[in-house]
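Values below: all heavy atoms of this structure, side chains included; hydrogens, waters and symmetry mates excluded.
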Amino acid sequence: MEIKGRFDHFNINVTNLERSIAFYNKALGLKESKRKEAADGSFVLVYLTDDTAGFLLELTWLRDHPQLYELGENESHLCFRVEGDYDEVRRFHKEMECVCYENTDMGLYFINDPDDYWIEILPVKR
C-alpha cells in the first residue's frame with residue numbers, strides 16, 4: 001500500500017494566545033484562518049495561515065496551563081521562507097529583538113516566538 005497525503009498543520013502550545021497571534025502576524029505575516037473554542041473555556045485552538053501553501057500553524061491555549069512550557073532539549077523547529085530582500089527581513093527581525101541564532105556561513109538565522117519556539121528563516125528559492 002502506498003499512502004498519499006500532504007501536510008495539514010503543526011501544533012504548538014502557547015501561554016498567551018493574543019500575544020502569539022500578534023507575533024506571528026508581525027514577524028511572518030500569518031493570519032488567523034479559523035478558531036475553535038471549548039464550550040467550557042478550557043482551551044482555544046487558533047489556526048494561522050500564509051494564504052499560499054495551505055499549511056496551518058495551530059496555536060493551542062490551555063486555560064489550566066498558565067506557566068511556560070518545558071521545551072527541553074528538543075531541537076525541532078518550524079522553517080519559514082520569506083519573499084523579498086532577505087537582509088531587510090533579518091534587520092526587521094533584529095529590530096523586533098526576536099533573532100536568537102544566526103549562522104552566516106550557512107546563510108540562515110532563527111527567530112524565537114514569545115514561548116521560545118524557534119523558527120528558521122530562509123529566503124524563497126528562486
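In this view, Thr60 and Asn11, Glu58 satisfy the side chain to side chain donor-acceptor pair (under 3.5 Å) rule, not counting sequence neighbours. The side chain to side chain donor-acceptor pair (under 3.5 Å) search around Asn112 returns Asp116, not counting sequence neighbours.
In this structure the side chain of Leu122 never reaches within 4.5 angstrom of the side chain of Phe80, judged on heavy atoms. Counting heavy atoms from C-beta outward, Tyr101 and Trp118 have side chains that approach closer than 4.5 Å. Proximity of Ile121 to Ile111: side-chain heavy atoms (C-beta onward) are separated by under 4.5 Å at one or more points. Using a 4.5 Å cut-off on side-chain heavy atoms (C-beta onward), Asp115 and Arg19 make contact. Leu59 has its side chain within reach of Ile12: a pair of non-hydrogen atoms, C-beta onward, lies under 4.5 Å apart. Under the 4.5 Å side-chain criterion, counting only non-hydrogen atoms from C-beta, Lys94 is in contact with Glu102. Side-chain atoms of Val14 and Phe23, non-hydrogen and from C-beta on, never get closer than 4.5 Å to each other.
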(request) Could you walk me through whether Phe55 and Asp50 pass the side-chain contact (heavy atoms from CB on, under 4.5 Å) test, one step at a time? (result) CA-CA 8 Å; Phe55 180 81; Asp50 62 6; over 6 Å; no
(request) Verify side-chain contact (heavy atoms from CB on, under 4.5 Å) between Leu56 and Leu48, making sure each step is shown before the conclusion. (result) CA-CA 5 Å; Leu56 299 170; Leu48 303 178; over 6 Å; no
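Taking OG1 from Thr49 and CG from Asp51, the interatomic distance works out to 5.0 Å, rounded to the nearest 0.5 Å.
Closest approach of Asn16 and Trp61 over heavy atoms only: N-CD1, 4.5 Å. For Leu108 against Tyr86, the heavy-atom pair with the smallest separation is CA-OH, 3.4 Å. Scanning both residues, Val89 and Glu83, for their nearest heavy atoms gives CG2-O, 4.1 Å.
Cluster annotation: Met96 and Leu78 are assigned to the same hydrophobic cluster (Ile/Leu/Val/Met/Phe/Trp/Tyr, side-chain heavy-atom contacts under 4.5 Å, transitive). Cluster membership for Ile21 and Leu68, using ILVMFWY side-chain heavy atoms within less than 4.5 angstrom, is not shared.
Separation of the Phe110 and Tyr117 ring centroids does not fall under the 6.0 Å cut-off.
For the pair Glu120 and Arg81, the salt-bridge criterion is not met [side-chain N within less than 4.0 Å of a carboxylate O].
Checked by atom type and distance alone, the side chain of Arg63 never pairs as donor or acceptor with a backbone atom of Phe43 at under 3.5 Å.
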Return all side-chain donor-acceptor pairs below 3.5 angstrom for residues 28-41, not counting sequence neighbours, or 'none' if the list is empty.
| unit_1 | atom_1 | unit_2 | atom_2 | d |
| --- | --- | --- | --- | --- |
| Glu32 | OE1 | Arg35 | NH2 | 3.0 |
| Glu32 | OE2 | Arg35 | NE | 2.9 |
| Ser33 | OG | Tyr47 | O | 3.3 |
| Asp40 | OD1 | Ser42 | N | 2.9 |
| Asp40 | OD1 | Ser42 | OG | 2.7 |

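The closest side-chain donor-acceptor pair between Tyr24 and Asp113 falls under 3.5 angstrom.
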